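These notes are about the structure you will find just below.
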Amino acid sequence: QVELMESGGGSVQSGESLRLSCTSTSPLSSTCVGWYRQVPGKAREEVALIDRRHAATYAWSARGRFTISQDTSKNTLYLQMDNLQPEDTAKYFCTTGGPNVERPLYFTGGCGYKYWGQGTQVTVSS
């Protein structure tokens, strides 16, 4: 069982930065890991992922402002978010899985995303 815990959320002003961290209780894969976000009443949307080919992919809204990275020696995944805007306000979730996991919540880029943290809230005010 993979347990993920996010941290680093908070309330910031427009234009400021935050770095989210996600720590796993077991070795974190170097592929099929990433970040999603969700606002109340809407579906969870992908923000940044590292797919099966080790390629980082970003949502259109995140390109040029967000950077996904990881430190496998620390079992930690990061999301650096710069120039935050009010529309980035959401709860951010880290996730991992693999190409052959059963019953993933989402499947994209050759990866099924099954394991999720509890999320960390990011609030950006103008």
Side-chain angles (χ1 to χ4, degrees):
Q1 182 70 18
V2 178
E3 294 184 6
L4 304 172
M5 181 174 295
E6 302 92 341
S7 62
S11 297
V12 297
Q13 298 288 319
S14 181
E16 295 184 339
S17 299
L18 283 174
R19 188 175 81 156
L20 305 183
S21 299
C22 171
T23 302
S24 172
T25 56
S26 55
L28 195 61
S29 173
S30 60
T31 61
C32 298
V33 293
W35 295 90
Y36 278 70
R37 67 187 182 188
Q38 188 172 25
V39 297
K42 293 190 176 181
R44 204 167 287 191
E45 63 174 7
E46 64 180 79
V47 177
L49 304 171
I50 299 176
D51 67 16
R52 285 186 66 184
R53 299 168 295 124
H54 293 267
T57 62
Y58 296 91
W60 183 88
S61 61
R63 291 175 191 171
R65 301 188 299 127
F66 294 5
T67 304
I68 187 172
S69 63
Q70 62 185 170
D71 186 339
T72 53
S73 68
K74 296 181 179 179
N75 295 333
T76 302
L77 183 71
Y78 302 101
L79 183 67
Q80 177 67 40
M81 304 187 295
D82 298 321
N83 190 22
L84 283 160
Q85 300 298 315
E87 53 266 34
D88 296 315
T89 295
K91 196 167 192 177
Y92 285 71
F93 299 86
C94 69
T95 180
T96 188
N100 299 307
V101 294
E102 293 183 355
R103 299 185 298 278
L105 184 60
Y106 293 102
F107 190 94
T108 183
C111 300
Y113 291 98
K114 179 174 182 175
Y115 305 103
W116 299 81
Q118 294 299 306
T120 185
Q121 179 67 36
V122 172
T123 303
V124 186
S125 55
S126 58

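Quantities reported herein were computed from a predicted structural model and do not represent experimental measurements.
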Would you check if the side chain of [X] reaches a backbone N or O of [Y] as a donor-acceptor pair within less than 3.5 Å?
X: Thr31; Y: Ile50; result: no
X: Glu6; Y: Thr120; result: no
X: Thr76; Y: Thr23; result: no
X: Gln85; Y: Asn83; result: yes
X: Gln80; Y: Ser17; result: no

Which heavy atom of [X] sits nearest a heavy atom of [Y], and at what distance?
X: Ser30; Y: His54; value: OG-CE1, 3.1 Å
X: Ala90; Y: Gln121; value: O-NE2, 3.4 Å
X: Ser126; Y: Gln13; value: O-OE1, 3.7 Å
X: Gln1; Y: Thr25; value: O-OG1, 4.5 Å
X: Cys94; Y: Leu77; value: CB-CD2, 4.4 Å

So how far is it from [X] [atom1] to [Y] [atom2], rounded to the nearest 0.5 Å?
X: Trp35; Y: Phe93; atom1: CH2; atom2: CZ; value: 11.0 Å
X: Leu84; Y: Ser125; atom1: CG; atom2: OG; value: 10.5 Å
X: Leu49; Y: Tyr36; atom1: CG; atom2: OH; value: 5.0 Å
X: Leu79; Y: Ser21; atom1: CG; atom2: OG; value: 9.5 Å
X: Gln38; Y: Glu45; atom1: CD; atom2: CD; value: 9.5 Å

**OP:** Check whether more than 12 heavy atoms from other residues, nucleotides or ligands sit under 6.0 Å from atom CZ of Arg53, and answer yes or no.
**Re:**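 Counting neighbours around CZ of Arg53, 12 or fewer heavy atoms of other residues, nucleotides or ligands fall under 6.0 Å, so no.
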Would you say [Y] ends up clustered with [X] if hydrophobic residues are merged whenever their side chains have heavy atoms under 4.5 Å apart, either directly or through other cluster members?
X: Leu20; Y: Tyr58; result: yes
X: Ile68; Y: Val2; result: yes
X: Tyr78; Y: Tyr92; result: no

Subject >> Inter- and intrachain pairs under salt bridge (Lys or Arg N to Asp or Glu O under 4.0 Å), touching residues 69-83, at least two apart >> reply: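 Those involving residues 69-83 do not exist here.
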Please list every donor-acceptor pair under 3.5 Å in which a side-chain atom of residues 99-119 meets a protein atom from a residue at least two apart or in another chain.
{"unit_1": "Tyr106", "atom_1": "OH", "unit_2": "Arg44", "atom_2": "O", "d": "3.4"}
{"unit_1": "Lys114", "atom_1": "NZ", "unit_2": "Glu102", "atom_2": "O", "d": "3.3"}

Original post:
Is there side-chain contact between Asp88 and Arg65, with at least one heavy-atom pair below 4.5 Å?
Top reply: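 Asp88 reaches Arg65 side chain to side chain.
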Original post:
For Ser24, which of Pro27, Cys22, Ser26 qualifies under side-chain contact (heavy atoms from CB on, under 4.5 Å)?
Top reply: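 So the option named by the test is Ser26.
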Original post:
Among all residues two or more places apart in sequence or in another chain, which pass the side-chain hydrogen bond (donor to acceptor under 3.5 Å, both in side chains) test with Thr72?
Top reply: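 With sequence neighbours excluded, Thr72 shows a side-chain hydrogen bond (donor to acceptor under 3.5 Å, both in side chains) to no residue whatsoever.
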Subject >> Residue pair Leu28, Leu4: steps toward the side-chain contact (heavy atoms from CB on, under 4.5 Å) verdict >> reply: CA-CA 9 Å; Leu28 195 61; Leu4 304 172; 4.2 Å; yes
